There are 2 protein chains.
Amino acid sequence: MAKIVVMPGTLAEGPGPRVRVTRQKRAVATLLDETEEFTSAQDLHARLRASGERVGLATVYSQLRAMAGSGEIDSVRGDSGETLYRRCGSPVHHHHLVCRRCGHTVELDAPDLESLARRLGEEHGFSQLNHVLEMTGVCAQCPREAD
Amino acid sequence: MAKIVVMPGTLAEGPGPRVRVTRQKRAVATLLDETEEFTSAQDLHARLRASGERVGLATVYSQLRAMAGSGEIDSVRGDSGETLYRRCGSPVHHHHLVCRRCGHTVELDAPDLESLARRLGEEHGFSQLNHVLEMTGVCAQCPREAD
DNA sequence: ATTCTTGCAAACCCTTTGCAAGCTA
DNA sequence: TAGCTTGCAAAGGGTTTGCAAGAAT
């Protein structure tokens, strides 16, 4: 089921709730900017606390959820069941290959995949195609033991 | 903590724990055989109960974990955070192409995609690869105007 | 008889929610 | 001031664990 998300300045917003800029939001956004790899809400929260920021865990969760919902950041699921977030680098369509152990991420540019997806859809008479590929694995730097 | 799993007749087993065949194990294995799609532990448990089998939820979990650990079944993480299992091998790995308008679904068999995904992962030194492709579009039977 | 397996209930972990106090616009 | 936002604590949902009773060998 599709979730309709209206991004600021995209469609007629009507008399909806106005977003407010808070110290907490800036702190999370900033830390996210400085972080390359996918990280969890708990990790972000711990780092914010460690650096002296006064931010609640629930707030971090709420914010990440909002940002992910509006497409501002990407999210994937880690091995231990938690959700990992990261500021999405390139605005163009691409996919991620994420290490389930350490969160190390590689941005994939796979033209073959794009054409393949298009072909598959057209073969079945579908139009207005869209696709999301989420790849995960264990990177070369991580122990490959199974558990 | 790595768990060493020795499959029957694979390596020297030594004086390890002997696996016992129980009614519960057979029930879960059988139901898994009859199920094409990825299913959750809870779903399997509910279906077992519904069919009159007396099996505990903890047992189902424990068993799926063991089977997945030994590679007997595949596991992926669903959107809601639960782990989904499926007997691997026979019912080949495949993806779905879903119509956003009517929900009509086509099961895709795309060997090209599988090899492409494997290649992409290996090129970046990843192992234990896993991928989920979600394709959506508008099928031939549906009006394709307004979106 | 031995020891692996079961399964209830409680524990865990991550995430969301209830809601009063705090803060932005 | 008005009403989003915050954040503590509690609730939720999925999965694991403790351990005594039960079953396979």
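Treat the numbers as computed from the prediction; the structure is a model and nothing was measured. So that the names make sense, note that chain A is the first sequence line, chain B the second, and so on, each numbered from 1.
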Write down the protein N/O and nucleotide N/O pairs, taken from nucleotides 5-8 of chain D, whose separation is under 3.5 Å; answer none if there are no such pairs.
{"from": "D/dT5", "atom 1": "OP1", "to": "A/R20", "atom 2": "N", "distance (Å)": "3.2"}
{"from": "D/dT5", "atom 1": "OP1", "to": "A/K25", "atom 2": "NZ", "distance (Å)": "2.9"}
{"from": "D/dT6", "atom 1": "OP1", "to": "A/T22", "atom 2": "OG1", "distance (Å)": "2.9"}
{"from": "D/dT6", "atom 1": "O3'", "to": "A/Q24", "atom 2": "NE2", "distance (Å)": "2.9"}
{"from": "D/dG7", "atom 1": "OP1", "to": "A/Q24", "atom 2": "NE2", "distance (Å)": "3.1"}
{"from": "D/dG7", "atom 1": "OP1", "to": "A/R54", "atom 2": "O", "distance (Å)": "3.2"}
{"from": "D/dG7", "atom 1": "OP2", "to": "A/G56", "atom 2": "N", "distance (Å)": "2.8"}
{"from": "D/dG7", "atom 1": "OP2", "to": "A/T59", "atom 2": "OG1", "distance (Å)": "2.9"}

Checklist entry - Run the side chain to side chain donor-acceptor pair (under 3.5 Å) check on A/S51 and A/E53 step by step: do they pass? => result CA-CA 6 Å; A/S51 69; A/E53 287 285 348; 5.5 Å; no
Checklist entry - Does the pair A/R86 and A/E36 meet the rule for a salt bridge (charged side-chain N to carboxylate O under 4.0 Å, His left out), with working shown? => result CA-CA 7 Å; A/R86 201 195 63 170; A/E36 279 286 304; 5.8 Å; no
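Of the possible donor and acceptor atoms, one in the side chain of A/R49 sits under 3.5 Å from a partner among the backbone N and O of A/V55.
Among the atoms of the strands shown, only primed sugar atoms or phosphate atoms (P, OP1, OP2) are found under 4.0 Å from some heavy atom of A/T83.
Distance CZ (B/R26) to P (D/dA23): 14 Å, rounded to an integer number of Å. The distance between atom CZ of A/R77 and atom P of C/dC13, rounded to the nearest whole Å, is 18 Å. With rounding to whole Å, B/E82 atom CD is found 16 Å from D/dT16 atom C1'. In this structure, CZ of A/R65 is placed 11 Å from P of C/dT15, rounded to the nearest angstrom.
With a 6.0 Å radius and a threshold of 12 heavy atoms from other residues, nucleotides or ligands, B/E123 has its CD atom above the threshold.
Remark: the B/Q42 side chain and the B/S40 side chain contain no N/O donor-acceptor pair separated by less than 3.5 Å. In the model, A/H95 has a side-chain atom that pairs as donor or acceptor with a side-chain atom of A/H131 under 3.5 Å.
Distances shorter than 4.0 Å separate none of the side-chain N or O atoms of B/Y61 from OP1 or OP2 on D/dT16.
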